[in-house]
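Just below is one structure, and these are the notes that go with it.
Keep in mind that the numbers below use all heavy atoms, side chains included, and drop hydrogens, waters and symmetry copies. In each ligand, atom 1 is the first atom listed, and ligand 1 is the first ligand listed.
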Amino acid sequence: MSGSPNDTIFALSSAPGRAGVSVFRVSGPGARESLEKLSRKKAPSPRYASLRKLYDRNGDIIDEALVLWLPAPKSFTGEDCAEFQGHGSPAIIEAMAQVFADIGLRQAEPGEFTRRAFENGKMDLTEAEGLADLIDAETEGQRKQALRQMQGGLRELYETWRESLLDALAQIEGEIDFPDEEDVPDSLSHKAYPHISSVIESMSRSLSVADRGEAIRHGVDIAIIGKPNAGKSTLLNALAGREAAIVSSEAGTTRDIVSIYTVLSGLQVRLSDTAGLRETENVIEAEGVKRAIKLANDADIRIGVIDSSDLGALSQLTKELRDDDILVFSKSDLTHNVAHNVSRETYKTLSVNANSKADITKLHDLLETEILSRFAVGDEAGLTRARHRDCVQRSLTALERAIEKLGFAPELAGDDIRSALQAVKELAGETDIESVFDRIFSRFCVGK
Ligand SMILES: Nc1nc2c(ncn2[C@@H]2O[C@H](COP(=O)(O)OP(=O)(O)OP(=O)(O)O)[C@@H](O)[C@H]2O)c(=O)[nH]1
Ligand SMILES: [Mg+2]
């Protein structure tokens, strides 16, 4: 990111375009001066709103605005800040940007305010990521998860890891430094054992539910699969409430993946219809089948669809399903008394007549229940990004090595614990990884 940390930046922090109010933020050593120059008055008391006329270079009034003076360090960035809440017309926004440039302020880059907050110790990297997610949140689940992370949920978790590991390290180093002293028997490294194993346990638990955090961030992926003509596209359309995919009595109608986006149980969901699974000579259809299998493999939940009059195909279909997936016996209006008790133990089963509103509601409710039980935002803060998972996995691997060596080579175990701590530092953003920072902060909008 360009620009010296000492220059003063400005940005429109509200959305561009016509609105009741527009908000400009200024951060840096020239913040106070910008406020006093534009309003031609002394800055108001810190954190008190004051109504001011704002003037351009020629002394013409641009707007009347509420202004705030937010001196360091009690500001979002930790620097001197000023805020201008004026009227939200494109002409005023344009004139304000011009006057800031005239007095020598620089237009902020995306995420530059947040980056300064991070660099001034106002937040760690996980909290900055939480803030980015909160701004992007489109569903209730995303909002809750992001808010908790922004408020330091993940930070609290890794601080407990760090504390335990530092304790373990202290025990081990005590033994190395005083190997012959009577009151420092070799049982010292044994005292390190519970500290390390508690962290291993906690990290393993976090990793085991990391999918959940990532699914909440990215959305839940659901794939509809089954033989040609089973009624997959019909189900997608019924759930979507519109004719998203072509339906016909001809087998092999759908060849590409057709996805619709919806919100279920407060989470973003991508529901995808796929080509019917069968052996085929047709290259286009064969490609569709290949894509269907890949999508089903990567999906969080699969809905297997089987024609109620064609139960012989069940074993073929279940090869692509996993335990707890959903199995729909379709066209129930055409076949009665389907016995499917065996599959009920492994899958969530449902007989569906796609033309019955009640049946579609049942399927919809079943999906909501499944999503809620698998992906509900839990009480504990968790890992929400591949970056978190990677750091924690590396830390965990180092600790597993440490535990093995503890009994016979405590100094080597100490080295592994230090590696584990290093990975925790990376999670926090305490090591200088410019490329990671650039990636995270550049995704913010300008003005945040
Ligand atoms: N009676 C009845 N017909 C259905 C039902 N569901 C689907 N059909 C019919 O079954 C035929 C196939 O439906 P599709 O939804 O196109 O099947 P598909 O699984 O998407 O088929 P492919 O795209 O070829 O893999 C169509 O003629 C549908 O109208 C149902 O619940 N009851
Ligand atoms: Mg289809």
Side-chain angles (χ1 to χ4, degrees), residues 220-262 264 269-322 325-341 343-344 347-368 370:
V220 178
D221 230 343
I222 304 179
I224 306 177
I225 53 168
K227 262 175 65 170
N229 242 346
K232 301 178 294 299
S233 303
T234 308
L235 278 187
L236 177 88
N237 292 348
L239 286 166
R242 63 188 168 90
E243 302 301 306
I246 300 172
V247 165
S248 92
S249 55
E250 202 174 301
T253 303
T254 309
R255 293 177 170 195
D256 251 334
I257 288 160
V258 179
S259 301
I260 60 129
Y261 294 84
T262 181
L264 292 173
V269 171
R270 181 177 73 158
L271 182 64
S272 304
D273 178 27
T274 61
L277 305 174
R278 69 169 167 186
E279 296 279 335
T280 169
E281 297 284 300
N282 184 307
V283 270
I284 303 169
E285 195 183 347
E287 176 61 26
V289 170
K290 212 169 101 189
R291 290 182 187 196
I293 291 175
K294 167 142 188 10
L295 186 91
N297 256 314
D298 296 343
D300 298 300
I301 300 175
R302 282 142 295 276
I303 303 176
V305 185
I306 185 156
D307 190 322
S308 302
S309 67
D310 184 23
L311 295 186
L314 192 57
S315 61
Q316 193 66 28
L317 176 60
T318 52
K319 275 188 197 148
E320 306 300 333
L321 297 182
R322 296 187 204 154
D325 274 344
I326 292 170
L327 185 54
V328 168
F329 294 87
S330 66
K331 311 186 190 180
S332 67
D333 51 317
L334 301 180
T335 315
H336 292 288
N337 301 324
V338 177
H340 49 76
N341 292 334
S343 32
R344 195 175 286 160
Y347 310 107
K348 309 281 153 63
T349 61
L350 196 65
S351 284
V352 175
N353 165 9
N355 300 311
S356 147
K357 255 206 160 124
D359 282 5
I360 295 302
T361 304
K362 268 190 210 154
L363 178 58
H364 178 274
D365 292 350
L366 177 60
L367 280 174
E368 288 219 307
E370 255 328 274

Who gets closest to atom 24 (O) of ligand 1 by heavy atom: Pro228, Gly276, Gly252, Ala354? Gly252
Where does Ser332 meet ligand 1, judged by heavy-atom distances below 4.0 Å: at the side chain, the backbone, both, or neither? neither
For Asp333, take its heavy atoms, then give the atoms of ligand 1 lying under 4.0 Å from any of them. 1 (N), 2 (C), 30 (C), 31 (O), 32 (N)
How far is atom 17 (O) of ligand 1 from its nearest protein heavy atom, and which residue and atom name does that atom have? Gly231 N, 3.2 Å
Those residues at least two apart in sequence (or on a different chain) that pass salt bridge (Lys or Arg N to Asp or Glu O under 4.0 Å) with Asp325 are Arg302, Arg374
Considering residues at least two apart in sequence or located in another chain, which fulfil the side chain to side chain donor-acceptor pair (under 3.5 Å) criterion with Asn229? none
In ligand 1, which numbered atoms sit nearer than 4.0 Å to a non-hydrogen atom of Glu250? 24 (O)
So which heavy atom in the protein is nearest atom 12 (C) of ligand 1, and how far is it from that ligand atom? Asn229 OD1, 2.8 Å
Sequence neighbours excluded, the answer for side chain to side chain donor-acceptor pair (under 3.5 Å) partners of Glu320 is none
Could you check Ile326, Leu367, Leu239, Asp300 and say which one makes a side chain to side chain contact (heavy atoms under 4.5 Å, CB included) with Ile222? Leu367
Which atom of Ser308 lies closest to which atom of Ser330, heavy atoms considered: OG-O, 2.5 Å
Answer yes or no for Ala230: is there a heavy-atom contact with ligand 1 below 4.0 Å? yes
Thr335 side chain near Phe329 side chain, heavy-atom distance below 4.5 Å: no
Looking at Leu334, which atoms of ligand 1 are within less than 4.0 Å of one of its heavy atoms? 1 (N)
Where does Ala251 meet ligand 1, judged by heavy-atom distances below 4.0 Å: at the side chain, the backbone, both, or neither? backbone
Numbered in order shown, the ligand 1 atoms found under 4.0 Å of a heavy atom of Thr253 are 22 (P), 23 (O), 24 (O)
Note: Tyr261 and Arg270 closest approach over all heavy atoms is OH-CD, 3.3 Å
What protein heavy atom sits nearest atom 7 (C) of ligand 1, and how far off is it? Thr234 OG1, 3.3 Å
Nearest protein heavy-atom contact for atom 25 (O) of ligand 1: which residue, which atom, what distance? Lys232 NZ, 2.8 Å
Between Lys331 and Asp307, does at least one N-O distance fall below 4.0 Å, as a salt bridge requires? yes
Check this for me - ligand 1, Ser330, N or O atoms closer than 3.5 angstrom, yes or no? no
Rounded to the nearest 0.5 Å, what separation is found between the CD1 atom of Ile260 and the CG atom of Leu271? 4.5 Å
Taking the side chain as C-beta and beyond, is there a heavy-atom pair between Ile225 and Leu295 under 4.5 Å? no
Within a distance under 2.8 Å of the Mg ion (ligand 2), the protein atoms of type N, O or S are Ser233 OG, Thr254 OG1
Under a heavy-atom criterion of less than 4.0 Å, does Ser248 contact ligand 1? yes
Look at atom 10 (O) of ligand 1 and say which protein heavy atom is nearest, naming residue and atom and giving the distance to 0.1 Å. Lys331 NZ, 3.1 Å
Counting each atom of ligand 1 from 1 as listed, which ones have a heavy atom of Ser249 under 4.0 Å away? 27 (O)
Around Glu287, counting heavy atoms of other residues, nucleotides and ligands shown, do more than 12 lie under 6.0 Å from its CD? yes
Nearest non-hydrogen contact to atom 23 (O) of ligand 1 from the set Thr254, Leu277, Val247, Thr335 belongs to Thr254
Taking the side chain as C-beta and beyond, is there a heavy-atom pair between Ile246 and Thr254 under 4.5 Å? no
Just how far is it from atom CD1 of Ile360 to atom CG of Leu235, taken to the nearest 0.5 Å? 5.5 Å
So which of Leu277, Ile303, Asp273, Val328 actually passes side chain to side chain contact (heavy atoms under 4.5 Å, CB included) with Lys232? Asp273
